[in-house]
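All figures in this text were calculated on a predicted structure; none of them were measured in a lab. Here is how names work: the chains are called A, B, and so on, in the same order as the sequence lines, proteins then strands, and each is numbered from 1.
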Amino acid sequence: MLHPLRETVRQAVKTLVERQFGIVLPDVAVEFPPNATLGDLATPVAFEVAKRRKAITGEKHAPRDIAQTLADGLRTVLPDFERIEVAGAGYINLFLNRAETLLRALNAPPGVHAPRFRGKVIVEHTSVNPNKAAHIGHLRNAVLGDALVRLLRATGETVEVHNYIDDTGVQVADVVVGFVHIEGRSLGEVAAIDGKFDDYCWDLYARVGTWYAEDESRLRWRTETLHAIERHEGELAALGAHIAERIVHCHLATMERLGIRYDVLPCESAILRLDFWAEAFERLKAAGAIVYEAEGRRAGCWVMRAGQEAATTDDEHDADKILVRSNGTVNYTGKDIAYHLWKLGILERDFHYRAFHRYADGHTVWMGTAAEADDASAPPTFGRGAAYLNVIDVGQSYAQEFVRRGVMSLAPDALRDAVAASAHVAYEKVALTPASCLELGFELSEADRQRPFISMSGRKGLGVKADDLLDRLESKALAHVQAHQPTLSETEQRTIAHKIAVAAVRYFLLKFARTTLIAFDFADAMAEQGETGVYLLYSLVRVAGIRRKLREAGLDCPNPAAVLAGNHTQLEAWLRDEGKTANEFWTLIGLVLRYDTVLVEASETLEPSVIAKYAFQLAQAFSGFYNRHNIRHEPDEVRRAFLLALVSLVESRLRAALDVLGIDAPERM
RNA sequence: GCACCCGUAGCUCAGUUGGAUAGAGCGUCUGACUACGAAUCAGAAGGUCAUAGGUUCGAAUCCUGUCGGGUGCACCA
C-alpha cells in the first residue's frame, strides 16, 4: 500500500524542489519515521536543499524555512495526506487519515505488481555436483535461490528456474574411480545398490579422497575416467552417467521436501557434445574478446584479458583468465560463457530435452541433454531470457565477472541491456562451528578448536547433510506436536511436523544477509524459540485459533470492514495517538502497510533476508497485540470487528511474506 | 603483491543506501498461565558501532591511514 504513495511523494517533492528552488535532485529520500507520531512517511530533503542553495547563492538558509515552504506546496499536490508538517530541524512529515486508510487496506490484496525486467528472468540455483548427497551449504544456495524465484514471481516477473548439472566433471569421475578401483563394482552392481544412493556416494567420495592421498599415482585413474566421460565411450562413461542421473534424482527429492522445484536441468555434457562451446569459441575469437598466448608460461592457451579493476598480474598470479588450455580443451569458465550466451538467446543452437521428473502436481522438470529424446512429448521453450540471475557462492565472483564480460562481448546491441540487468547473486558459504564438527564425530586439532569456523569439505566427508538436518528437525518437531495435539492422527502430526521443520530450516538460512557467513551450529539451527521459523508459524496458528474460537462461540465476523465503515468517529478515536505515545494499533497497521515496500526493496537488492526480517517483525508486533487484547472476550461488537480487522490485515501480509520465503503454516501445531 | 567482503551488546546477527533516541534473538536477572494455546508476553541490565583522522547541518553508513579476520587471483571445476 505504501509503495505507490512513496513513489508519488518522491516525484512530487522532486518537481516541487525544482520549481521552487531551481534545484534538480537526482533522488529524494522518502523514509519511514521512527514512530507513528512523526507521520507515515517523511523526507529530510530540506537539509539537502539548504546545502545546495548555500553552494549556489553563498548565503545560509534555514532548513526549517525551506521545509515549511515545501510542506505548503506539497499540501496542494498530495491530497492523499491529511496533514503535512515540519518537525525537528527540518523534517517534512506526512500523515495519512488513519480510519480511511484502514478501511482501504482491508479491501486491498497484499503485494505489488512492479516487474523490473523486460521479459523472462532465468534464475540458476542449486547446481550441485551430482556425485554425493547435498549438504547444508547446497541447501543455503537452493533456499536462497528458491526465495528469489518466489520473490520475483510475487512482484510480477516471469521466471524460469535452472539447475545446472555438471555431469562430466572431476567430482563424478572420482566416485566412478571409487566404485571401479576401490570397490571393484561393475555398472550392474552399482545399479543394484539400494537405500539412499546419495549417502552411499557421500561416504565413497570421502574414501576416494584418502585413497588418492595414500598414493598419488592413483590420480591416473581419475584422468583416465575423465577422458572416458568426455569421449562418452565405454563402461566408465556409462557408470558416470548412471551416477549423475541417480544423484540428480536424490537432489530433486531432497529439495522437494522443502518445496523447491526446477524447470530445466541443463547438462554440461550437452554443452560440449552439441558444440555450444565450439560456436562460442569461434565467435569470441572473431570478436577479439579472447587472445592466443604465443609465448610465456601460458603459451598455447586462449585467454580473456582482465579488466581495469581486476587483480593485477605479478610473478605468482595471473589476472587474465584462461578459457582454453594449451592442450586445446575448454575449462569451466569457457563452458559457462557458452551456457550463458544460450541463456540470453545469443547462441544459435539449443539443447535436446527429455522429461526428467514429474512432480505430484504434474509439473515436469526437463533435462537439457545432448541426445534427442525418444518420446514425442514437446518441451516448452527454454532460454532466450531477458536476464540471468546466478545464485552462486561469493568465491566464484572472479569467474562470474569473466562470464559476464564474455557474454557482453558477443551481445548484439538489442541484448546489451539484458546483460546489464543480469547479475551474480553472490552469497557466503555455510561453515561449521568447531562444536558442530565434534558433534558429528570429527577429530579436531587444538588449533582448529580455537577457530571461529571450519569449512565443510565433501572430499573429506565433513559436512551436515541436508536430509539429515531435516530428519532431525522433523523428529524434534514431531515430539512437540504429539504432546500438544495428541488427538490428531499420526499422518496429520507428521504433516505438521514437516511444515515446522521446513519453516525452521528455511528461516534459519534466510534470516542472514546473503554476504554473511553462516557458522552452522546445531543448537542455533534447531532452536524453536525467539527469532525462528517456528515463531512465525505460531503467530499464524494463533490467528487460526482466534477464528476457531469465535466460530465456536457464534461470534463470527466475516466482514469487519462493513461493520467499521459505519463507525468512522469511533475508529478515529481508537487510532489516535496519546500525546507523544504512538497509537499501538496504528503502529501495527503501519507495519502491515509497508509490506509492498519490503517486497520492492528485496527485489531490487536481490536480498530475501529483508522479507525474513520483516516477517519476524510483523509476527512479533502481532504477538504483543495478541497478548494485550482478547478478542474472544471483547463484549463490544464494533470493537471486536476492529480488532479482528487488524488480525486479518496481519494475517494476509504475514502469510504472503511466508509464501515468498517458501514457508507454509499449519492450522494448529 | 593485487582485488573483493567483513569488524555493531557476553554470543549470533539486523540496521530503511547519509537522517530523528543504534535495534532484535539467545544468554543473565524480575514478573505473568485452571488459556482466543506460555513454542508466548511485559520489564531490567548490557554499546567510546575495531582504531585514528577527514568530508558536512548530520556518519555505524562516504573518503584516507592503521590493526585484525575471511575469500579470490590455479592451464581445477
Side-chain angles (χ1 to χ4, degrees), chain A residues 27 29-35 38 42-44 47-48 50-51 54 60 62-63 87-91 93 129 166 168-171 268 293 297-298 300-301 303 306 309-327 329 331-333 335-336 393-399 426 428-429 452-453 477 480 484 500 511-513 515-519 521 523-524 527-532 534-535 537-539 541-543 545-550 552-553 555 594 597-598 601 605 609-610 613 616-617 620 623-624 626-634 647 668-669:
Chain A
D27 43 29
V30 179
E31 42 202 32
F32 304 115
N35 72 69
L38 298 173
T43 175
F47 299 110
E48 183 67 22
K51 183 192 293 186
K54 188 184 171 192
K60 279 190 175 179
Y91 291 94
N93 294 336
N129 275 303
D166 180 5
T168 60
V170 177
Q171 318 238 9
E268 181 161 292
E293 295 277 25
R297 65 183 163 197
R298 297 176 145 197
C301 296
V303 307
E309 316 263 312
T312 58
T313 297
D314 64 20
D315 291 347
E316 293 173 57
H317 309 288
D318 225 317
D320 298 341
K321 188 80 188 164
I322 289 172
L323 300 187
V324 178
R325 308 176 186 106
S326 55
N327 67 4
T329 58
N331 69 7
Y332 180 77
T333 307
K335 283 178 273 193
D336 225 18
D393 80 273
V394 71
Q396 301 283 339
S397 299
Y398 196 70
E428 260 292 359
K429 62 183 177 179
F453 61 86
H480 282 284
H484 289 288
I500 294 171
K511 72 175 175 177
F512 297 94
T515 54
T516 299
L517 183 141
I518 300 178
D521 186 79
D524 290 345
E528 47 210 354
Q529 285 169 0
E531 193 192 346
T532 62
V534 180
Y535 182 97
L537 296 189
Y538 196 60
S539 297
V541 164
R542 283 176 150 173
V543 170
I546 292 170
R547 293 247 153 81
R548 195 163 48 237
K549 288 291 177 182
L550 286 178
E552 286 167 14
L555 297 171
R594 283 179 211 178
T597 71
V598 172
E601 186 196 340
T605 57
S609 70
V610 171
K613 290 288 177 185
F616 177 67
Q617 205 186 343
Q620 207 175 24
S623 292
Y626 176 89
N627 271 274
R628 282 188 295 274
H629 307 282
N630 191 315
I631 301 176
R632 163 76 180 79
H633 294 109
E634 170 55 53
V647 171
R668 48 182 92 209
M669 62 192 254

**Message:** Quiz question: going by heavy-atom distance under 3.5 Å, is there a donor-acceptor pair between the base of B:G58 and the side chain of A:K51?
**Reply:** yes

**Request:** Ignoring backbone atoms, establish whether A:N331 has a side-chain N or O less than 4.0 Å from OP1 or OP2 of B:C75.
**Result:** no

**Message:** Please report the distance, rounded to the nearest Å, between NE2 in A:H629 and C1' in B:A35.
**Reply:** 18 Å

**Prompt:** Partner of B:C2 by Watson-Crick or G-U wobble geometry, both contacts under 3.5 Å, or none?
**Reply:** B:G72

**Message:** When the P atoms of B:U40 and B:U21 are compared, how many Å lie between them, rounded to an integer?
**Reply:** 33 Å

**Asked** So what does A:T605 touch, heavy atoms closer than 4.0 Å: a base, only the sugar-phosphate, or nothing?
**Response** base

**Request:** Look at the side chain of A:T515 and the base of B:C5, then say whether one donor and one acceptor between them are separated by less than 3.5 Å.
**Result:** no

**Prompt:** Taking the same atom, C1', in B:G27 and in B:C63, what whole-Å distance lies between them?
**Reply:** 39 Å

**Prompt:** Of all heavy-atom pairs between A:I322 and A:C301, which one has the smallest distance, and what is that distance?
**Reply:** CD1-SG, 4.0 Å

**Request:** Remember a base hit wins even if backbone is also touched, and classify A:E552 as base, sugar-phosphate or nothing at under 4.0 Å, heavy atoms.
**Result:** nothing

**Prompt:** Which comes earlier along RNA chain B counting from the 5' end, the contact point of A:V324 or that of A:G545, where each point is its nearest nucleotide?
**Reply:** A:G545

**Message:** Please compare A:V394 and A:G88 by the position of their nearest nucleotide in RNA chain B and report the one closer to 5'.
**Reply:** A:G88

**Prompt:** How many angstroms lie between atom CD of A:E528 and atom OH of A:Y538, to the nearest 0.5 angstrom?
**Reply:** 12.5 Å

**Prompt:** Say you pick atom P in B:A60 and the same atom in B:A22; how far apart are they, in whole Å?
**Reply:** 9 Å

**Nucleotide nearest A:K549 (side chain, heavy atoms from C-beta), chosen from B:G37, B:U40, B:A77** = B:G37

**Heavy-atom closest contact (A:S609 atom, A:A513 atom, distance)** = OG-CA, 3.7 Å

**Message:** Without decimals, in angstroms, what is the distance between A:R668 CZ and B:A39 P?
**Reply:** 15 Å

**Message:** If I take atom CG in residue A:N327 and atom C1' in nucleotide B:A74, what distance separates them, rounded to the nearest angstrom?
**Reply:** 15 Å

**Message:** As a test of reading the structure: which of B:C75, B:U40, B:A39 is closest to the side chain of A:S326, going by heavy atoms?
**Reply:** B:C75

**Item:** Shortest side-chain distance from A:P34, nucleotide among B:A20, B:G25, B:C75
**Value:** B:A20

**Under 3.5 Å donor-acceptor, A:N93 side chain and A:L38 backbone** = yes

**Request:** Taking only the side-chain heavy atoms of A:E268 (C-beta and beyond), determine which of B:C36, B:A77, B:A39 contains the nearest atom.
**Result:** B:A77

**Request:** Identify whether any heavy atom of A:Y91 sits under 4.0 Å from a base atom; if not, whether one sits that close to sugar-phosphate; answer base, sugar-phosphate or nothing.
**Result:** base

**Request:** Salt-bridge test for A:D320 and A:R298: reply yes if a basic N is under 4.0 Å from a carboxylate O, no otherwise.
**Result:** no

**Asked** Of the nucleotides B:U12, B:A77, B:A24, which has the atom closest to the A:Q620 side chain?
**Response** B:A24

**Item:** Mate of B:A38 where both pairing distances stay under 3.5 Å, Watson-Crick or G-U
**Value:** none

**Asked** Between B:C75, B:A77, B:C41, which nucleotide has the shortest distance from any of its atoms to the side chain of A:Y535?
**Response** B:C41

**Request:** Remember a base hit wins even if backbone is also touched, and classify A:A42 as base, sugar-phosphate or nothing at under 4.0 Å, heavy atoms.
**Result:** base

**Message:** From OH of A:Y538 over to P of B:A35, roughly how many Å is that when rounded to an integer?
**Reply:** 14 Å

**Message:** Could you tell me the Watson-Crick or G-U partner of B:G65, where both distances fall under 3.5 Å? Say none if there is no partner.
**Reply:** B:U51

**Asked** Counting distance only, does the side-chain N/O of A:Y626 pair as donor-acceptor with the main-chain N or O of A:V647 below 3.5 Å?
**Response** no

**Message:** Keeping A:N331 on the side-chain end and A:V324 on the backbone end, is there a donor-acceptor pair under 3.5 Å?
**Reply:** no

**Message:** Looking at the base of B:A20, is there any donor atom on it, or on the side chain of A:N93, that sits under 3.5 Å from an acceptor on the other one?
**Reply:** yes

**Request:** Just name whichever nucleotide pairs with B:A44, Watson-Crick or G-U, keeping both distances under 3.5 Å, else none.
**Result:** B:U28

**Complete:** Looking only at B:A77, B:A14, B:A39, the nucleotide nearest the A:R325 side chain is B:A77

**Message:** Please pick, from B:A39, B:U21, B:C75, the nucleotide with the shortest atom-to-atom distance to any side-chain atom of A:I500.
**Reply:** B:A39

**Item:** Non-hydrogen atoms of A:V541 and A:R668 that approach each other most closely
**Value:** CG1-CA, 3.9 Å

**Request:** Starting from C1' on B:U71, measure out to CG on A:L517 and report it in whole angstrom.
**Result:** 10 Å

**Nucleotide nearest A:F47 when distance is taken to its side chain, options B:C41, B:G19, B:G25** = B:G19

**Request:** Would you kindly give the CD-to-C1' distance between A:E48 and B:G19, to the nearest whole Å?
**Result:** 11 Å

**Prompt:** Considering only the C1' atoms, how many Å lie between B:U28 and B:G10, rounded to the nearest integer?
**Reply:** 9 Å

**Message:** What's the gap between B:U55 and B:A74 when it is taken at their C1' atoms, as a whole Å value?
**Reply:** 42 Å

**Item:** Residue A:L38, side-chain heavy atoms: nucleotide from B:A14, B:A20, B:G19 that is nearest
**Value:** B:A20

**Message:** Base, sugar-phosphate or nothing for A:N630? Non-hydrogen atoms, less than 4.0 Å.
**Reply:** base

**Request:** Check whether any side-chain N or O of A:R298 sits under 4.0 Å from OP1 or OP2 of B:C75, and answer yes or no.
**Result:** yes

**Message:** Rounding to an integer number of angstrom, what distance separates B:A59 and B:U8 when you compare their C1' atoms?
**Reply:** 14 Å

**Request:** Report the distance from atom CZ of A:F453 to atom C1' of B:C6, rounded to the nearest whole Å.
**Result:** 11 Å

**Prompt:** When you check the phosphate oxygens OP1 and OP2 of B:A38, does a side-chain N or O of A:R542 lie under 4.0 Å from one of them?
**Reply:** yes

**Distance in angstrom units between A:Y626 OH and B:C33 P, rounded** = 16 Å

**Asked** Would you say A:F616 and A:K511 make side-chain contact, with heavy atoms under 4.5 Å?
**Response** no

**Prompt:** When rounded to the nearest Å, what value does the distance between C1' atoms of B:A77 and B:G72 take?
**Reply:** 15 Å

